[in-house]
**Student:** 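One structure, pasted below without further comment.
Chain naming here is simple, since letters A, B, ... match the order of the sequence lines and numbering starts at 1 in each.
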Number of protein chains: 2
Amino acid sequence: MEYRNEISYAAIRRLPKYYRHLCNLRKAGIRQISSKELSFEIGVTSSQVRNDFAYFGGEGLPGIGYNVDLLKNKINEFLKSDNTLNMIIIGAGYLGHALAANKNLEKKGFKVIGIFDPYDQFTGREIKGIEIMKMDCLPLFIKRQHVDIAAITILSAHADEIIKDMISLGVKGIWNFSPVEVKNTDKVMIENSHLDDSLMVLGYNLKNK
Amino acid sequence: MEYRNEISYAAIRRLPKYYRHLCNLRKAGIRQISSKELSFEIGVTSSQVRNDFAYFGGEGLPGIGYNVDLLKNKINEFLKSDNTLNMIIIGAGYLGHALAANKNLEKKGFKVIGIFDPYDQFTGREIKGIEIMKMDCLPLFIKRQHVDIAAITILSAHADEIIKDMISLGVKGIWNFSPVEVKNTDKVMIENSHLDDSLMVLGYNLKNK
DNA sequence: TAGATTGTTAATCGATTAACAATC
DNA sequence: TAGATTGTTAATCGATTAACAATC
């Protein structure tokens with residue numbers, strides 16, 4: 001067998017969380033962990049942990065638990081994180097800077113190869129050794145270099161146009177921080193990170209506890 | 001009746017998305033919309049839209065649809081967004097700057113009243129007129145001002161300690177961008193925004209399409 | 001061996017969708 | 001009136017949990 005059966009969407013969204021926590025355990029020198037301990041630490045049930053891990057062959061030992069390193073590698077392999085993807089950042093504001101400066105992204109297989117801003121004020125400046133370019137340069141840039149993902153950090157409705165441009169330029173993945181709603185199509189995969197949506201849920205929970 | 005029956009957790013997480021889209025429609029001058037159109041635009045089913053709206057009395061008209069303004073206000077009211085919450089930002093790096101500079105947060109009922117950084121290099125500088133303070137100042141600050149939410153923008157495992165401090169200082173809500181796993185307890189409500197988790201899911205989807 | 005913990009299946013739970021009478 | 005669309009219920013789907021034989 002390769003994988004037990006089709007992994008659920010919900011389980012896939014949990015994998016990065018497991019991975020992150022396993023990295024933390026690794027750093028703390030913990031080499032072995034049971035589904036019960038792990039589930040307690042990250043706030044799910046142990047059943048769920050075992051079920052999720054069974055998808056990619058967690059290789060736990062009855063009576064013992066899981067080997068942290070092995071599990072970490074299995075998830076890494078499953079997510080194909082060693083297969084690096086090239087990313088450009090659209091928008092050189094604070095959020096664009098934050099993404100460009102985040103070393104974790106490269107560790108997890110995402111390489112920032114360009115930063116573009118619609119306003120000229122930033123042109124020529126650098127973030128982490130990567131020059132900020134004008135949007136006009138983008139079509140040629142994409143022709144010359146392979147771009148997998150565009151991170152949209154333009155926080156206005158204006159992002160609408162820019163996202164359409166990205167898609168027509170052939171970018172296959174959009175990491176969208178703008179307030180615009182975008183849907184998956186057969187041409188493009190979207191991952192929305194609407195930061196204030198998550199804050200609003202927190203607000204609701206605080207007000208209704 | 002106040003609300004039809006207990007709203008589901010999944011539906012609550014969709015409300016900010018509806019709200020955001022209704023704001024966009026409003027700006028575009030659209031005053032009326034059917035569940036079918038709306039569902040198409042944001043990528044859900046029309047059944048789900050009608051079911052979700054029924055929770056807070058969407059007041060749609062058969063044959064016509066929903067009034068955009070009315071619906072927007074209903075969601076706003078349901079989420080109690082006019083009831084402002086005070087937020088502090090921990091970490092004055094690019095991400096901290098991005099949150100402090102984001103005008104949408106205030107519009108949605110979150111007011112940044114302080115910024116703190118564990119490193120002295122930023123002390124005394126300002127973001128949007130708010131002075132960056134040392135972490136040492138935090139206990140007194142919290143004694144004097146009411147703090148509802150701490151946004152943790154320290155992107156290292158070191159955030160662990162800081163989050164514990166926040167909780168012991170009595171902060172009731174944590175908006176967590178750090179790689180540390182934190183769980184809700186009866187003392188504190190957590191909302192995690194693990195940015196690279198969402199990017200990893202995008203990577204997975206791109207590689208397996 | 002005794003105790004702990006796995007992998008897996010069946011039972012449960014919750015969320016989504018389909019369908020349609022009511023009504024603008 | 002005819003057409004469109006709602007609100008709501010029942011049916012379906014998918015995800016989570018409980019349980020336990022197998023096994024370290």
**Student:** Take the protein atom OH of Tyr55(B) and the nucleotide atom P of dT9(D), then report the distance between them rounded to whole Å.
**Tutor:**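 Distance, rounded to whole Å: 12 Å.
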**Student:** What pair of heavy atoms forms the shortest contact from Phe141(B) to Gly114(B), and how long is it?
**Tutor:**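 Minimum heavy-atom separation between Phe141(B) and Gly114(B): CZ-CA, 4.1 Å.
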**Student:** To the nearest angstrom, how far is Phe40(A) atom CZ from dT5(C) atom C1'?
**Tutor:**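 In whole Å, dT5(C) C1' lies 18 Å from Phe40(A) CZ.
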**Student:** So which heavy atom on Gly91(A) is nearest to which on Thr153(A), and how close?
**Tutor:**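 Closest approach of Gly91(A) to Thr153(A), heavy atoms only: O-OG1, 3.0 Å.
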**Student:** Pick base, sugar-phosphate or nothing for Arg14(A), based on heavy-atom distances below 4.0 Å to the nucleic acid.
**Tutor:**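 The residue Arg14(A) makes sugar-phosphate contact but no base contact.
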**Student:** Whenever both distances are under 3.5 Å in a Watson-Crick or G-U wobble pair, mark it; put DNA chain D into dot-bracket that way, with [ ] for crossing pairs and | when the partner is on another strand.
**Tutor:** ..||||||||||||||||||||||
**Student:** Can we say Asp69(A) and Arg31(A) salt-bridge, meaning some charged N sits less than 4.0 Å from an Asp/Glu carboxylate O?
**Tutor:**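 So Asp69(A) pairs with Arg31(A) through a salt bridge.
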**Student:** Do NZ/NE/NH1/NH2 and the carboxylate oxygens of Asp197(B) and Arg20(A) come within less than 4.0 Å?
**Tutor:**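 Salt bridge between Asp197(B) and Arg20(A), a charged N being under 4.0 Å from a carboxylate O: yes.
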**Student:** Rounded to the nearest Å, what distance is computed from the CG atom of residue Leu71(A) to the C1' atom of nucleotide dG7(C)?
**Tutor:**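 One finds 14 Å between C1' of dG7(C) and CG of Leu71(A), rounded.
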**Student:** Is Ser35(A) near enough to dT6(C) that one of its side-chain N or O atoms lies under 4.0 angstrom from OP1 or OP2?
**Tutor:**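 Yes, within the criterion.
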**Student:** With heavy atoms under 4.0 Å as the rule, sort Gln32(B) into base, sugar-phosphate or nothing.
**Tutor:**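 No contact.
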**Student:** For nucleotides 20-24 of chain C, tabulate all protein N/O to nucleotide N/O atom pairs closer than 3.5 Å, reporting atom names and distance.
**Tutor:**
| residue | atom | partner | partner atom | Å |
| --- | --- | --- | --- | --- |
| dC24(C) | O4' | Pro62(B) | O | 3.4 |
| dC24(C) | O2 | Pro62(B) | O | 3.3 |

**Student:** Using whole Å, what does the distance between atom C1' of nucleotide dT6(D) and atom CG of Leu70(B) come to?
**Tutor:**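 Checked: the CG to C1' distance equals 14 Å.
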**Student:** Relative to the ring of Phe78(B), is the ring of Tyr204(A) parallel (under 30°), tilted (30 to 60°) or perpendicular (over 60°)?
**Tutor:**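 If you compare the ring of Tyr204(A) with that of Phe78(B), the planes turn out parallel.
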**Student:** Examine dT16(D): is either OP1 or OP2 under 4.0 Å from a nitrogen or oxygen in the side chain of Ser47(A)? Give yes or no.
**Tutor:**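 No, outside the criterion.
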**Student:** State, yes or no, whether a side-chain contact exists between Lys172(B) and Asp148(B) at a heavy-atom distance under 4.5 Å.
**Tutor:**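 SC-SC contact between Lys172(B) and Asp148(B) ruled out.
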**Student:** Would you indicate, yes or no, if dT17(C) has its OP1 or OP2 atom less than 4.0 angstrom from a side-chain nitrogen or oxygen of Thr45(B)?
**Tutor:**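 Yes.
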**Student:** Once you round it to whole Å, what is the distance between C1' of dT5(C) and CG of Asn67(A)?
**Tutor:**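 Those two atoms, CG and C1', are 15 Å apart.
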**Student:** How many whole angstroms separate atom CZ of Arg13(A) from atom C1' of dA15(D)?
**Tutor:**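 Result: 15 Å.
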**Student:** Once rounded to the nearest 0.5 Å, what's the spacing between atom CG of Asp82(B) and atom CD of Glu77(B)?
**Tutor:**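 Rounded to the nearest 0.5 Å, the CG-CD separation comes to 9.0 Å.
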**Student:** Just checking, Lys183(B) and Phe40(A): is the charged tip under 6.0 Å from the six-membered ring centre and within 45° of the axis?
**Tutor:**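 Satisfied, under 6.0 Å and within 45°.
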**Student:** Could one point to a donor on the side chain of Asn51(B) or the base of dT16(C) with an acceptor on the other under 3.5 Å away?
**Tutor:**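 Side chain to base: no pair present.
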**Student:** For dA15(C), take OP1 and OP2 only and decide whether either is under 4.0 Å from a side-chain N or O of Tyr9(A).
**Tutor:**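 Answer no for this pair, as no side-chain N or O of Tyr9(A) is under 4.0 Å from OP1 or OP2.
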**Student:** Charged N to carboxylate O under 4.0 angstrom, Glu41(A) versus Lys36(A)?
**Tutor:**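 Salt bridge absent between Glu41(A) and Lys36(A).
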**Student:** Need one value for Tyr66(B): base, sugar-phosphate or nothing, where a base atom within 4.0 Å counts as base even if backbone is also close, heavy atoms only.
**Tutor:**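 Answer is sugar-phosphate: Tyr66(B) comes under 4.0 Å of backbone atoms only.
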**Student:** Can you tell me how far P of dA19(D) sits from CD of Gln48(A), to the nearest Å?
**Tutor:**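 Taking CD of Gln48(A) and P of dA19(D), I get 17 Å after rounding.
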**Student:** Establish, from distance only, whether the side-chain atoms of Asn208(A) and Lys80(B) form a donor-acceptor pair under 3.5 Å.
**Tutor:**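 Present: a donor and an acceptor within the cut-off.
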**Student:** What is the distance, to the nearest angstrom, from the CD1 atom on Ile7(B) to the C1' atom on dT16(C)?
**Tutor:**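 After rounding, the reported distance stands at 15 Å.
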**Student:** Within the 4.0 Å heavy-atom criterion, would you say Glu37(B) contacts the bases, only the backbone, or no part of the nucleic acid?
**Tutor:**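 No contact at all - Glu37(B) keeps every heavy atom at 4.0 Å or more from the nucleic acid.
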